[in-house]
Amino acid sequence: MPLSRHISPEELLQRHQERYKIQSGSKFTMFGGQPGTSGRSKHVASPYINRYTAWEPIPKYVLPANGVDAKSAYQIIHDDLDLDGRPNLNLASFVSTFVEDESLRLTVENLTKNLADSDEYPALMDIHSRCISILGNMWNASPSEKPIGSATTGSSEAIHLGGLAMKRRWQEKRKAEGKDTSNPNIIMGANAQVALEKFARYFEVECRLIPVSEESNHCLDASKVLDHVDENTIGIFVIMGSTYTGHYEPVEQIAKMLDKYQEETGIDIPIHIDAASGGFVAPFCHPHTVWDFRLKRVHSINTSGHKYGLVSAGLGWIIWRSEDYLPKHLVFELKYLGGVEQSFTLNFSRPGHQVIQQYYNFIHLGLDGYRRIQRNSLANARLLSNVLESTGYFVCVSEVHRKKGLHSYLPGIAEDSDDPENYNAGLPVVAWRLSDDFKKKYPHVRQASISTMLRVKGYIIPNYPLPSDEADVEILRVVVRESMSADLLEQLCDDIVVITESLKSADTIDLAALAHPLQQIQEQSHIARAATSLGSLSEPGSTTHLPQTKSHRHGHYKGVC
């Protein structure tokens, strides 16, 4: 053991100061109270003792002239984010809010890997290929047809790619026949998520929305499809899992109708399946429902890995049943980063760690693990639905809790099987509304008030109208995810009932403050903050044009996700 001499910190600091002066000739010193400083040390023992205190606000919308130490910056942002809701209580979202520790470790280890750089990260690209193969097998793709696909930034990009491929194939066929290509249209239900409508608007395709109704399970009405198609129809978007009520749209029925239509007219209309949620539910819970590549008319399928694929937000997937359905001139060969790869995306660089998370889930959970998780979510959705309807206060619009073929609530009739195939097929979604009897007895109670009061307790449960054709019907909706424990489910049931009963006995005047959805107030607040930070958005004396949202007699609402 060597001997060590005592070191005087004062002498050491003085020596460094003298050395700095000699080398630079500067009068500046490194310590507080001297010329060139503000009188306070840059180093602080506590993150709350820094220059962003009571005498200096945090610069939120401009770059600060001088930064703060990392510890303080972390604490400032951490405290700001404390104002967010708790992800596990965000029952409005389909997006997964839970990541296992091992998956999180893989994420951190690979955080800086670029999915676009195949030459630098060949192992990552190999994992990407494995995921495409696994998904193709899940959706019954035939290896002989050479399926092809890609990871995307959520289902939105995947939908745009699927729609674009259909448009280009239609254009190529029309040009070869010497026909006009200026009026393409695409078919979808009025319940379509906003990403599908965005495709039509962004890529200049006429969007033909088919009305929805209670008879069509509030989604695409197959009986009206042939009334909307013609020779200019590039394809149909069919949804496996409506975001409003969780219903699957009748893919097989629509495919057979289009087969017959082609026999009669010679017009071949492909189907793209938006399986953003259902792509990871149907294979494990409803294997006998035919919706995927088993149907020849299904050319492409997209899904969201970050929904029931159980990956953190930002990952989507799309697969075409064959290379023949992906026009070659849409595919780019890239040599930008040292290698050669084929690419068909709307972006370039993007993080690769989400693909790793997906592959981790595939090999960790396997077929049995995914089946257990998704079936458990459906069981919880059935339990919540049955509790709500048993109160007499509510009627469920979703139907995964009802015996197969039964489409209305009948007291005393319930199925106690754990097999999802014994119930109406759909996502683990519970959509419900106040019963007609309740509304007659307590006309002063609004569903929006229930949503607001649940928000006070920490839950995020939206209240919004059904699609345009049924916009007078409002529903509350819970998305049951993997993280819905039995304890949370029990507490949620109790809180919904207690809040509803408290609103029953409340005075009408007391409820006035709850008459407008909390979301409207929040949206107006965000707009006001943005306008303040950017300065005036219009000339003096004129009216500022704020972003438009869909209007409704009870306020404003955003697209459902």
Side-chain angles (χ1 to χ4, degrees), residues 70-71 73-74 77-78 81 84 87-88 90 93-139 147-158 160-161 276-277 279-280 301-319 331-370 373-374 481-483:
K71 185 177 181 182
Y74 165 82
I77 299 171
H78 173 85
L81 293 173
D84 275 344
N88 195 40
N90 180 5
S93 178
F94 285 87
V95 176
S96 178
T97 57
F98 172 74
V99 178
E100 292 192 40
D101 288 343
E102 291 77 10
S103 182
L104 189 59
R105 284 174 57 191
L106 287 169
T107 295
V108 173
E109 292 167 2
N110 295 277
L111 192 62
T112 58
K113 288 186 177 179
N114 184 358
L115 189 59
D117 193 346
S118 60
D119 184 61
E120 186 69 22
Y121 307 116
L124 174 59
M125 295 309 299
D126 188 45
I127 286 176
H128 175 273
S129 296
R130 296 179 209 173
C131 288
I132 293 294
S133 179
I134 291 171
L135 288 167
N137 280 307
M138 276 175 48
W139 298 336
I148 189 171
S150 175
T152 60
T153 305
S155 276
S156 293
E157 182 188 5
H160 289 198
L161 296 177
S277 295
F280 274 103
I301 301 174
N302 73 270
T303 193
S304 293
H306 63 225
K307 292 181 179 175
Y308 287 101
L310 310 179
V311 173
S312 59
L315 180 65
W317 298 97
I318 183 168
I319 295 180
V331 179
F332 286 81
E333 284 196 353
L334 305 175
K335 302 178 183 179
Y336 179 64
L337 294 173
V340 178
E341 67 172 288
Q342 291 185 321
S343 173
F344 176 37
T345 60
L346 299 181
N347 59 16
F348 190 61
S349 294
R350 58 154 295 160
H353 63 80
Q354 293 153 332
V355 172
I356 297 172
Q357 282 187 20
Q358 186 73 84
Y359 187 60
Y360 167 84
N361 286 342
F362 283 157
I363 63 173
H364 169 56
L365 297 174
L367 178 64
D368 184 62
Y370 267 105
I373 289 172
Q374 314 304 29
R481 301 191 301 273
E482 173 192 16
S483 54

Going by side-chain contact (heavy atoms from CB on, under 4.5 Å), name the residues that satisfy it together with T345, two or more places apart in sequence or in a different chain. S150, E157, S343, N347
N110 side, atom CG; Q354 side, atom CD - distance, nearest 0.5 Å: 12.0 Å
Between the CD atom in Q357 and the CG atom in L104, the distance rounded to the nearest 0.5 Å is 7.5 Å
Within the distance-only criterion (no hydrogens, no angle test), does the side chain of [X] pair as donor or acceptor with the backbone N or O of [Y] below 3.5 angstrom?
X    : Y    : value
Q358 : V311 : no
S133 : S129 : no
N361 : G309 : yes
Y121 : A116 : no
R350 : G314 : yes
H128 : A151 : yes
E482 : I373 : no

Candidates S156, S277, S155, S96 - the one meeting side-chain contact (heavy atoms from CB on, under 4.5 Å) with S304: S155
Answer yes if the side chains of H364 and E100 hold a donor-acceptor pair under 3.5 Å, and no otherwise. yes
Charged N to carboxylate O below 4.0 Å: is that the case for D101 and R105? no
